[in-house]
There are 2 protein chains.
Amino acid sequence: MENLTEMLKGVLEGCVLEIIDRKETYGYEIVRRLNSLGFADVVEGTVYTILLRLEKNKLVDIQKKPSEIGPPRKFYTLNNAGRKQLQTFWRKWDFIASKINELKMKGES
Amino acid sequence: MENLTEMLKGVLEGCVLEIIDRKETYGYEIVRRLNSLGFADVVEGTVYTILLRLEKNKLVDIQKKPSEIGPPRKFYTLNNAGRKQLQTFWRKWDFIASKINELKMKGES
DNA sequence: TCCATCTACTTAGTATTATTATGTAGAAGT
DNA sequence: ACTTCTACATAATAATACTAAGTAGATGGA
(Lines give C-alpha, C1' and ligand atoms only; values in the text may rest on other atoms or scores of the structure.)
Protein backbone atom coordinates (compact mmCIF):
# COMPACT_ATOMS: atom_id res chain seq x y z
CA MET A 1 0.00 0.00 0.00
CA GLU A 2 1.43 3.33 -1.07
CA ASN A 3 1.94 6.49 0.97
CA LEU A 4 0.33 5.69 4.29
CA THR A 5 2.61 8.05 6.14
CA GLU A 6 0.12 10.70 7.18
CA MET A 7 -2.32 8.08 8.34
CA LEU A 8 0.38 6.37 10.38
CA LYS A 9 0.96 9.48 12.43
CA GLY A 10 -0.11 8.85 15.97
CA VAL A 11 -0.47 5.10 15.50
CA LEU A 12 3.00 3.92 14.59
CA GLU A 13 4.35 4.74 18.03
CA GLY A 14 1.50 2.73 19.53
CA CYS A 15 2.37 -0.23 17.34
CA VAL A 16 5.97 -0.09 18.51
CA LEU A 17 4.81 0.02 22.13
CA GLU A 18 2.63 -3.02 21.53
CA ILE A 19 5.46 -4.94 19.88
CA ILE A 20 7.82 -4.18 22.75
CA ASP A 21 5.17 -5.15 25.28
CA ARG A 22 4.91 -8.61 23.78
CA LYS A 23 8.56 -9.43 24.09
CA GLU A 24 11.79 -7.65 24.88
CA THR A 25 13.22 -6.65 21.51
CA TYR A 26 15.45 -4.20 19.67
CA GLY A 27 15.09 -1.65 16.86
CA TYR A 28 16.23 -3.67 13.92
CA GLU A 29 13.90 -6.51 14.81
CA ILE A 30 10.97 -4.14 15.36
CA VAL A 31 11.39 -2.87 11.81
CA ARG A 32 11.17 -6.44 10.53
CA ARG A 33 8.05 -7.12 12.57
CA LEU A 34 6.33 -4.01 11.26
CA ASN A 35 7.30 -4.96 7.73
CA SER A 36 5.97 -8.48 8.05
CA LEU A 37 2.83 -7.10 9.66
CA GLY A 38 2.11 -5.31 6.39
CA PHE A 39 3.77 -1.93 6.88
CA ALA A 40 6.28 -2.72 4.19
CA ASP A 41 7.59 0.80 3.74
CA VAL A 42 8.44 1.49 7.36
CA VAL A 43 12.18 1.86 7.48
CA GLU A 44 14.90 1.95 10.11
CA GLY A 45 15.21 5.70 10.46
CA THR A 46 11.53 5.97 11.32
CA VAL A 47 11.61 3.34 14.02
CA TYR A 48 14.79 4.59 15.61
CA THR A 49 13.39 8.10 15.98
CA ILE A 50 10.37 6.61 17.71
CA LEU A 51 12.57 4.53 20.00
CA LEU A 52 14.65 7.54 20.95
CA ARG A 53 11.43 9.42 21.69
CA LEU A 54 10.18 6.59 23.90
CA GLU A 55 13.51 6.67 25.71
CA LYS A 56 13.42 10.44 26.13
CA ASN A 57 9.86 10.23 27.51
CA LYS A 58 10.95 7.49 29.92
CA LEU A 59 8.46 4.90 28.70
CA VAL A 60 11.02 2.14 28.26
CA ASP A 61 13.88 0.41 30.04
CA ILE A 62 16.96 -0.31 27.98
CA GLN A 63 19.62 -2.97 28.15
CA LYS A 64 22.52 -3.19 25.75
CA LYS A 65 23.54 -6.69 24.81
CA PRO A 66 26.22 -7.98 22.44
CA SER A 67 25.17 -9.73 19.25
CA GLU A 68 26.98 -12.62 17.65
CA ILE A 69 26.31 -11.47 14.13
CA GLY A 70 26.85 -7.70 14.30
CA PRO A 71 27.12 -4.65 16.51
CA PRO A 72 25.52 -4.66 20.00
CA ARG A 73 21.74 -4.36 20.28
CA LYS A 74 19.67 -2.07 22.46
CA PHE A 75 16.90 -4.18 23.97
CA TYR A 76 13.73 -2.39 25.02
CA THR A 77 11.09 -3.28 27.60
CA LEU A 78 8.11 -1.22 28.72
CA ASN A 79 8.14 0.23 32.22
CA ASN A 80 4.97 1.18 34.10
CA ALA A 81 4.63 4.50 32.31
CA GLY A 82 5.06 2.71 28.99
CA ARG A 83 2.35 0.18 29.76
CA LYS A 84 0.03 2.98 30.79
CA GLN A 85 0.78 4.82 27.56
CA LEU A 86 0.03 1.64 25.63
CA GLN A 87 -3.36 1.32 27.32
CA THR A 88 -4.13 4.93 26.48
CA PHE A 89 -3.15 4.28 22.89
CA TRP A 90 -5.58 1.39 22.53
CA ARG A 91 -8.34 3.37 24.18
CA LYS A 92 -7.88 6.20 21.68
CA TRP A 93 -7.57 3.79 18.78
CA ASP A 94 -10.79 1.98 19.65
CA PHE A 95 -12.60 5.30 19.95
CA ILE A 96 -11.40 6.72 16.66
CA ALA A 97 -11.78 3.47 14.75
CA SER A 98 -15.37 3.08 15.92
CA LYS A 99 -16.25 6.66 14.98
CA ILE A 100 -14.65 6.43 11.57
CA ASN A 101 -16.35 3.13 10.82
CA GLU A 102 -19.63 4.63 11.96
CA LEU A 103 -19.17 7.45 9.48
CA LYS A 104 -18.27 4.97 6.78
CA MET A 105 -21.23 2.70 7.38
CA LYS A 106 -23.79 5.47 7.48
CA GLY A 107 -22.87 6.20 3.89
CA GLU A 108 -23.55 2.69 2.71
CA SER A 109 -27.06 2.44 4.05
CA MET B 1 -11.95 11.72 24.55
CA GLU B 2 -8.87 13.83 25.22
CA ASN B 3 -6.06 14.71 22.87
CA LEU B 4 -6.75 12.69 19.78
CA THR B 5 -5.02 15.20 17.55
CA GLU B 6 -2.03 13.19 16.46
CA MET B 7 -4.19 10.21 15.72
CA LEU B 8 -6.55 12.34 13.66
CA LYS B 9 -3.78 13.32 11.29
CA GLY B 10 -4.44 11.81 7.93
CA VAL B 11 -8.01 10.80 8.75
CA LEU B 12 -9.76 14.06 9.49
CA GLU B 13 -9.47 15.22 5.90
CA GLY B 14 -10.98 11.93 4.79
CA CYS B 15 -13.90 12.44 7.15
CA VAL B 16 -14.51 15.87 5.71
CA LEU B 17 -14.45 14.44 2.20
CA GLU B 18 -16.97 11.79 3.21
CA ILE B 19 -19.28 14.37 4.80
CA ILE B 20 -19.18 16.54 1.70
CA ASP B 21 -19.78 13.55 -0.53
CA ARG B 22 -23.02 12.80 1.27
CA LYS B 23 -24.54 16.19 0.76
CA GLU B 24 -23.46 19.59 -0.44
CA THR B 25 -22.53 21.49 2.70
CA TYR B 26 -20.43 24.29 4.17
CA GLY B 27 -17.68 24.67 6.76
CA TYR B 28 -19.67 25.69 9.78
CA GLU B 29 -22.06 22.80 9.31
CA ILE B 30 -19.23 20.32 8.79
CA VAL B 31 -17.82 21.30 12.17
CA ARG B 32 -21.19 20.52 13.76
CA ARG B 33 -21.38 17.16 12.04
CA LEU B 34 -17.92 16.17 13.22
CA ASN B 35 -18.79 17.26 16.75
CA SER B 36 -22.00 15.27 16.84
CA LEU B 37 -20.17 12.30 15.35
CA GLY B 38 -18.04 12.22 18.48
CA PHE B 39 -15.09 14.42 17.59
CA ALA B 40 -16.14 16.99 20.15
CA ASP B 41 -12.91 18.96 20.18
CA VAL B 42 -12.68 19.61 16.46
CA VAL B 43 -13.06 23.33 16.02
CA GLU B 44 -13.68 25.76 13.18
CA GLY B 45 -10.09 26.73 12.51
CA THR B 46 -9.17 23.10 11.95
CA VAL B 47 -11.92 22.45 9.43
CA TYR B 48 -11.38 25.65 7.52
CA THR B 49 -7.73 24.87 6.97
CA ILE B 50 -8.74 21.48 5.63
CA LEU B 51 -11.35 23.03 3.35
CA LEU B 52 -8.85 25.55 2.01
CA ARG B 53 -6.46 22.67 1.36
CA LEU B 54 -9.13 20.72 -0.51
CA GLU B 55 -9.81 23.82 -2.58
CA LYS B 56 -6.13 24.39 -3.29
CA ASN B 57 -5.77 20.75 -4.36
CA LYS B 58 -8.80 21.09 -6.64
CA LEU B 59 -10.79 18.30 -5.02
CA VAL B 60 -13.96 20.33 -4.56
CA ASP B 61 -16.31 22.64 -6.40
CA ILE B 62 -17.45 25.71 -4.54
CA GLN B 63 -20.56 27.80 -4.71
CA LYS B 64 -21.16 30.83 -2.53
CA LYS B 65 -24.74 31.27 -1.38
CA PRO B 66 -26.37 33.88 0.85
CA SER B 67 -27.69 32.81 4.23
CA GLU B 68 -30.77 34.21 5.88
CA ILE B 69 -29.28 34.05 9.34
CA GLY B 70 -25.74 35.27 8.88
CA PRO B 71 -22.92 35.90 6.41
CA PRO B 72 -22.81 34.05 3.08
CA ARG B 73 -21.83 30.38 3.07
CA LYS B 74 -19.31 28.55 0.89
CA PHE B 75 -20.96 25.32 -0.22
CA TYR B 76 -18.68 22.45 -1.17
CA THR B 77 -19.23 19.47 -3.45
CA LEU B 78 -16.73 16.82 -4.50
CA ASN B 79 -15.55 16.79 -8.10
CA ASN B 80 -14.15 13.72 -9.82
CA ALA B 81 -10.72 14.15 -8.27
CA GLY B 82 -12.33 14.55 -4.86
CA ARG B 83 -14.33 11.36 -5.21
CA LYS B 84 -11.25 9.51 -6.29
CA GLN B 85 -9.37 10.86 -3.28
CA LEU B 86 -12.20 9.71 -1.04
CA GLN B 87 -11.99 6.20 -2.44
CA THR B 88 -8.24 6.18 -1.86
CA PHE B 89 -8.82 7.35 1.68
CA TRP B 90 -11.15 4.47 2.48
CA ARG B 91 -8.81 1.99 0.86
CA LYS B 92 -5.96 3.19 3.05
CA TRP B 93 -8.15 3.30 6.13
CA ASP B 94 -9.36 -0.26 5.66
CA PHE B 95 -5.81 -1.42 5.18
CA ILE B 96 -4.41 0.30 8.24
CA ALA B 97 -7.37 -0.50 10.46
CA SER B 98 -7.14 -4.19 9.60
CA LYS B 99 -3.42 -4.30 10.28
CA ILE B 100 -3.69 -2.47 13.58
CA ASN B 101 -6.52 -4.67 14.74
CA GLU B 102 -4.52 -7.70 13.71
CA LEU B 103 -1.67 -6.52 15.87
CA LYS B 104 -4.05 -5.84 18.72
CA MET B 105 -5.76 -9.23 18.55
CA LYS B 106 -2.56 -11.22 18.41
CA GLY B 107 -1.76 -9.83 21.84
CA GLU B 108 -5.00 -11.05 23.35
CA SER B 109 -4.70 -14.65 22.24
C1' DT C 1 44.45 -7.90 2.78
C1' DC C 2 40.63 -5.54 0.79
C1' DC C 3 35.93 -5.17 -0.20
C1' DA C 4 31.15 -6.05 -0.08
C1' DT C 5 27.30 -7.23 2.67
C1' DC C 6 24.36 -7.72 6.44
C1' DT C 7 23.47 -6.16 10.91
C1' DA C 8 22.53 -2.20 14.01
C1' DC C 9 22.17 2.41 15.70
C1' DT C 10 22.40 7.86 15.25
C1' DT C 11 21.08 12.32 13.87
C1' DA C 12 20.12 16.59 11.27
C1' DG C 13 16.81 18.22 8.38
C1' DT C 14 12.11 18.13 5.77
C1' DA C 15 7.11 17.74 4.86
C1' DT C 16 2.58 17.24 6.33
C1' DT C 17 -0.96 17.91 9.28
C1' DA C 18 -4.06 19.37 13.13
C1' DT C 19 -4.36 23.05 16.23
C1' DT C 20 -4.26 27.73 18.45
C1' DA C 21 -5.03 32.39 18.42
C1' DT C 22 -6.75 36.18 16.47
C1' DG C 23 -9.36 38.67 13.38
C1' DT C 24 -13.17 40.08 10.14
C1' DA C 25 -17.94 40.43 9.15
C1' DG C 26 -23.18 39.67 8.47
C1' DA C 27 -27.68 39.38 10.76
C1' DA C 28 -30.85 39.68 14.58
C1' DG C 29 -32.51 40.87 19.03
C1' DT C 30 -32.25 43.70 23.26
C1' DA D 1 -24.86 50.58 21.09
C1' DC D 2 -24.17 45.93 22.54
C1' DT D 3 -24.31 41.10 22.46
C1' DT D 4 -24.83 36.80 20.32
C1' DC D 5 -24.81 33.53 16.83
C1' DT D 6 -23.36 32.54 12.34
C1' DA D 7 -19.49 32.10 9.04
C1' DC D 8 -14.96 32.36 7.07
C1' DA D 9 -9.63 33.52 6.95
C1' DT D 10 -4.90 33.13 8.25
C1' DA D 11 -0.40 33.32 10.55
C1' DA D 12 2.12 30.73 13.78
C1' DT D 13 3.01 26.40 16.51
C1' DA D 14 3.65 21.47 17.76
C1' DA D 15 3.92 16.77 16.78
C1' DT D 16 5.09 13.20 13.93
C1' DA D 17 6.75 10.20 10.10
C1' DC D 18 10.22 10.28 6.85
C1' DT D 19 14.73 11.14 4.24
C1' DA D 20 19.44 11.19 3.81
C1' DA D 21 23.71 10.46 5.26
C1' DG D 22 26.73 8.55 8.35
C1' DT D 23 29.19 5.31 11.84
C1' DA D 24 30.44 0.74 13.10
C1' DG D 25 30.74 -4.47 14.16
C1' DA D 26 31.04 -9.03 12.08
C1' DT D 27 31.55 -12.23 8.26
C1' DG D 28 32.95 -14.19 3.97
C1' DG D 29 34.84 -14.04 -0.58
C1' DA D 30 38.13 -12.19 -4.03
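Residue numbering restarts at 1 for every chain, and letters A, B, ... go by the order of the sequence lines. Remember, predicted model here, so these are calculated numbers, not experimental data.
For residues 5-27 of chain A, every residue pair satisfying the ring pair (Phe, Tyr, Trp, His ring centres under 6.0 Å) rule, not counting sequence neighbours, is listed here: A/Tyr26-A/Phe75.
Scored by the side-chain hydrogen bond (donor to acceptor under 3.5 Å, both in side chains) test, A/Glu68 finds no partners at all (sequence neighbours excluded). Under the rule for a side-chain hydrogen bond (donor to acceptor under 3.5 Å, both in side chains), A/Thr5 has no partner lying at least two apart in sequence or in another chain. Residues forming a ring pair (Phe, Tyr, Trp, His ring centres under 6.0 Å) with B/Phe89 (at least two apart in sequence, or on another chain): none. Applying the side-chain hydrogen bond (donor to acceptor under 3.5 Å, both in side chains) rule to B/Asp94 yields the partners A/Lys104; only residues at least two apart in sequence or on another chain are considered. For B/Glu24, the side-chain hydrogen bond (donor to acceptor under 3.5 Å, both in side chains) partners two or more places apart in sequence, or in a different chain, are B/Lys65.
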Using atom types as modelled, flag every donor-acceptor pair under 3.5 Å from a side chain in residues 36-44 of chain B to any protein atom, sequence neighbours excluded.
| unit_1 | atom_1 | unit_2 | atom_2 | d |
| --- | --- | --- | --- | --- |
| B/Ser36 | OG | B/Arg32 | O | 3.4 |
| B/Ser36 | OG | B/Arg33 | O | 3.1 |

Residues 45-52 of chain B, side-chain donor-acceptor partners within the protein, below 3.5 Å, at least two apart:
| unit_1 | atom_1 | unit_2 | atom_2 | d |
| --- | --- | --- | --- | --- |
| B/Tyr48 | OH | B/Tyr28 | N | 3.4 |
| B/Thr49 | OG1 | B/Gly45 | O | 3.3 |
| B/Thr49 | OG1 | B/Thr46 | O | 2.6 |

Per-pair distances, 0.1 Å, donor-acceptor, side chain in residues 54-63 of chain A, under 3.5 Å, sequence neighbours excluded:
| unit_1 | atom_1 | unit_2 | atom_2 | d |
| --- | --- | --- | --- | --- |
| A/Glu55 | OE1 | A/Lys74 | NZ | 3.2 |

Grab the N/O contacts between the protein and nucleotides 11-21 of chain C below 3.5 Å, and write none if there aren't any.
| unit_1 | atom_1 | unit_2 | atom_2 | d |
| --- | --- | --- | --- | --- |
| C/dT16 | O4' | A/Glu6 | OE2 | 3.3 |
| C/dT16 | O2 | A/Lys9 | NZ | 2.4 |
| C/dT17 | O2 | B/Lys9 | NZ | 2.9 |
| C/dA18 | OP1 | B/Gly10 | N | 3.4 |
| C/dA18 | OP2 | B/Arg53 | NH1 | 3.3 |
| C/dA18 | OP2 | B/Arg53 | NH2 | 2.5 |

Are any protein N/O atoms closer than 3.5 Å to N/O atoms in nucleotides 28-30 of chain C? If there are, list each pair with its distance.
none

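Atom OH of A/Tyr76 is separated from atom P of C/dA8 by 13 Å (rounded to the nearest Å).
Scanning DNA chain D 5' to 3' for nucleotides with an atom closer than 4.0 angstrom to a non-hydrogen atom of chain B gives a first and last hit of D/dT6 to D/dT16.
Going from atom CD1 of A/Ile96 over to atom CH2 of B/Trp93 covers 7.0 Å, rounded to the nearest 0.5 Å.
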